[in-house]
Every structure is written in structure tokens, then in C-alpha cells.
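All ligand and atom numbering here is 1-based and tracks the order in the structure.
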Amino acid sequence: MAITTQPSKPLKIYDFEKSGHAHRVRLMASLLNLPYASIPVDLLAGEQRTPAYLKLNPFGAVPVLDDDGVIVWDSTAILVYLAKKYGNETWLPEDPQGAALVQRFLSIASGEVFRGPCAARLITVFNAPLDHETSKAVAYKLFDILDAHLDDRDFLAADHPTIADVACYSYIAHAPEGDVSLEKYDHIRHWLKRIEALPGFIAMPETRICLAT
Ligand SMILES: N[C@@H](CCC(=O)N[C@@H](CS)C(=O)NCC(=O)O)C(=O)O
């Protein structure tokens with residue numbers, strides 16, 4: 001997976017260490033061997049709602065990418081940007097069917113992954129006022145489908161890793177922190193290991209600490 005270009009200056013990633021959305025972006029930058037500086041945004045102190053931060057992302061969320069003045073927000077949009085600008089076609093295929101397969105999993109990352117394992121972890125780690133049983137049900141339905149999907153393939157959207165895998169990895173790997181078990185999902189666990197074996201892989205720190213009330 002050769003790199004076509006490198007940024008003229010290190011990328012800036014507005015970041016929160018325990019956010020899986022932010023981890024996706026750090027992971028992609030690292031897999032592409034791109035230099036980046038992580039700029040911590042203290043979500044627990046409300047820094048994401050300051051006027052200065054809202055100028056970067058009007059939704060007041062991490063991650064935001066600043067590539068020498070080019071501002072991109074939304075984690076899956078940032079993955080598309082990085083793949084197109086600094087990756088090669090293997091990370092985001094150009095052909096209609098290949099692109100559609102990747103897009104399907106970017107949508108799943110922003111949909112079922114967000115409402116399932118991500119929401120369950122928001123409840124157990126950050127005391128988010130969401131319904132745990134509902135998020136666990138979404139997570140297990142998603143995992144039933146993904147496990148069957150991965151029965152005869154190594155990666156989600158192609159025969160090699162794409163941004164689909166990067167987008168879905170972080171919250172699925174950390175699902176147990178939200179009390180969602182991966183135990184019966186052998187194919188998913190093997191897929192996670194394959195991502196973790198990629199050159200440049202970086203992990204998201206594990207946590208079970210309740211940080212907010
Ligand atoms: N669709 C956005 C969602 C990002 C998101 O939800 N970020 C959370 C952290 S995991 C956040 O910054 N929340 C701030 C808040 O809720 O005030 C993306 O993919 O980047």
C-alpha cells in the first residue's frame with residue numbers, strides 16, 4: 001500500500017483520546033504513515049462548545065482535521081479525505097461497485113455502530129443518558145450480521161483493508177467496555193486481529209472509568 005504523497009506539514013487532529021470517532025482518524029493517519037499532531041479537546045470540560053471550536057465544527061464534536069488550512073469534520077469524511085489525498089485506490093476503490101461496498105460500511109459506522117456499541121459504551125464509560133438495553137440490542141443485531149458477512153472474507157468491503165474496516169474497527173473492538181460481548185463472534189474477533197496486525201496499527205486506550213455524571 002504505497003503512499004502517493006505526504007503532507008507538507010504534520011496534520012492537526014482535534015482529538016479526544018477515548019473517542020472511537022477520533023481514534024478512527026488517528027488510526028488511518030498512522031496506517032498511511034502520515035505525520036500528525038493530536039490537539040486534545042476537553043469534551044468533559046465543554047471545550048467543543050466554545051466559539052473558537054464551533055468555527056471548526058459547528059456540531060461541536062471531535063474529530064476535526066486541519067490539513068494546512070483545509071478543515072474537514074466528521075470522522076468518515078476525514079477517512080475519505082485521507083484516502084483520496086494520501087492513500088491509494090486500495091483504501092477507497094474508484095469503481096462503482098467497490099466504492100458502494102465501502103460506502104455501505106461508512107453508513108453502518110455512522111448508523112448501527114454509533115447507535116449500538118458506541119452508545120452502549122457512552123453509557124457505561126461516560127454515564128450518557130441513553131437506554132442500555134436498546135443500544136445492546138442494536139449492537140448484537142449488527143454483530144450477528146457482520147459475523148455472517150465475515151464468514152467467507154477477511155475484510156469488510158474488499159479482499160484487502162479499506163476505510164470501511166478503519167471506520168468500523170474502534171467501537172467494535174471496544175464493545176466489551178459497553179458490556180457488549182464479542183465472545184460468540186469468532187469471525188469478528190479474527191477480523192479485529194487482522195486489523196491489529198496491519199503495519200502502523202495503533203490502539204485506542206482501554207477504559208471502564210466513569211468520567212461524567
Ligand atoms: N458524526 C460525527 C460524530 C462525532 C461524535 O459524536 N463525536 C463525539 C465524541 S465520540 C463528540 O465530540 N461529542 C461531543 C459532545 O457530545 O458534546 C463523526 O463521525 O465525526
Side-chain angles (χ1 to χ4, degrees), residues 11-31 34 36 38-67 70-85 91-92 102-132 134-135 138-139 142 156-157 162-180 202-213:
L11 305 168
K12 288 186 198 165
I13 299 173
Y14 290 82
D15 203 357
F16 182 70
E17 201 188 27
K18 294 182 176 70
S19 159
H21 291 90
H23 177 254
R24 287 171 189 168
V25 170
R26 294 198 302 278
L27 175 57
M28 190 71 218
S30 183
L31 291 170
L34 303 174
Y36 68 88
S38 171
I39 300 170
V41 179
D42 189 347
L43 297 186
L44 302 176
E47 206 181 329
Q48 72 279 26
R49 292 188 290 274
T50 59
Y53 193 80
L54 290 170
K55 276 191 193 155
L56 290 171
N57 179 353
F59 281 108
V62 294
V64 171
L65 177 77
D66 177 349
D67 180 10
V70 176
I71 304 293
V72 188
W73 51 264
D74 189 276
S75 58
T76 57
I78 297 170
L79 298 187
V80 169
Y81 176 88
L82 292 177
K84 288 248 176 214
K85 181 132 194 211
W91 289 102
L92 178 52
V102 168
Q103 180 57 52
R104 172 193 293 165
F105 288 98
L106 300 185
S107 298
I108 289 171
S110 301
E112 287 81 356
V113 171
F114 181 61
R115 291 186 288 105
C118 169
R121 180 175 170 275
L122 281 173
I123 295 161
T124 56
V125 176
F126 298 102
N127 264 358
L130 300 166
D131 185 69
H132 202 198
T134 303
S135 55
V138 173
L142 167 69
L156 290 175
T162 66
I163 60 171
D165 301 286
V166 179
C168 291
Y169 170 83
S170 313
Y171 287 119
I172 295 180
H174 287 254
E177 293 173 9
D179 239 354
V180 180
I202 49 165
M204 178 162 86
E206 283 185 23
T207 181
R208 285 197 69 91
I209 304 162
C210 191
L211 294 166
T213 55

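With Asn57 contributing its side chain and Leu54 its backbone, the two residues share no donor-acceptor pair below 3.5 Å. At least one donor-acceptor pair closer than 3.5 Å links the side chain of Arg24 to the backbone N or O of Ala167.
Residue Ser110 places every heavy atom at 4.0 Å or more from ligand 1.
For the atom pair CD1 (Ile163) and CG (Leu156), the distance works out to 12.0 Å, reported to the nearest 0.5 Å.
The protein heavy atom nearest to atom 1 (N) of ligand 1 is Asp74 OD2, 3.0 Å. Atom 7 (N) of ligand 1 has its closest protein heavy atom at Val62 O, 2.9 Å. Here the heavy atom of the protein found nearest to atom 6 (O) of ligand 1 is His21 CE1, 3.9 Å. Nearest protein heavy-atom contact of atom 20 (O) of ligand 1 is Ser75 N, 2.8 Å.
No side-chain heavy atom of Trp91 sits less than 4.5 Å from a side-chain heavy atom of Val102. Taking 4.5 Å as the limit, every side-chain heavy atom of Lys85 sits out of range of all side-chain heavy atoms of Val70.
Atom OH of Tyr53 has more than 12 neighbouring heavy atoms from other residues, nucleotides or ligands inside a 6.0 Å radius.
Numbered from 1 in the order shown, with element, the atoms of ligand 1 that lie under 4.0 Å from a heavy atom of Tyr171 read 10 (S). The distance from ligand 1 to the heavy atoms of Arg49 drops below 4.0 Å at these ligand atoms: 17 (O). Close approach to Ser19 involves these atoms of ligand 1, each under 4.0 Å from a residue heavy atom: 9 (C), 10 (S). Short contacts between ligand 1 and Pro63, defined as distances under 4.0 Å to a heavy atom of the residue, involve ligand atoms 20 (O).
The heavy atom nearest to atom 15 (C) of ligand 1, out of those in Glu47, Lys18, Gln48, is found in Gln48.
By the 30° and 60° cut-offs, the orientation of the rings of His23 relative to Tyr169 is tilted.
Of all the heavy atoms in Leu79 and Met28, the pair that sits closest is CD2-CB, 3.5 Å.
Atom 10 (S) of ligand 1 is approached by the protein to below 4.0 angstrom, counting heavy atoms only.
Between Tyr171 and His21, the ring centre distance stays below 6.0 Å.
Neither the backbone nor the side chain of Tyr14 has any atom closer than 4.0 Å to an atom of ligand 1 (non-hydrogen atoms only). Residue contacts with ligand 1, taken as heavy atom pairs separated by less than 4.0 Å, involve Leu43 solely via side-chain atoms from C-beta onward.
Residue-to-ligand polar distances keep Thr76 apart from ligand 1: every N/O pair is separated by 3.5 Å or more.
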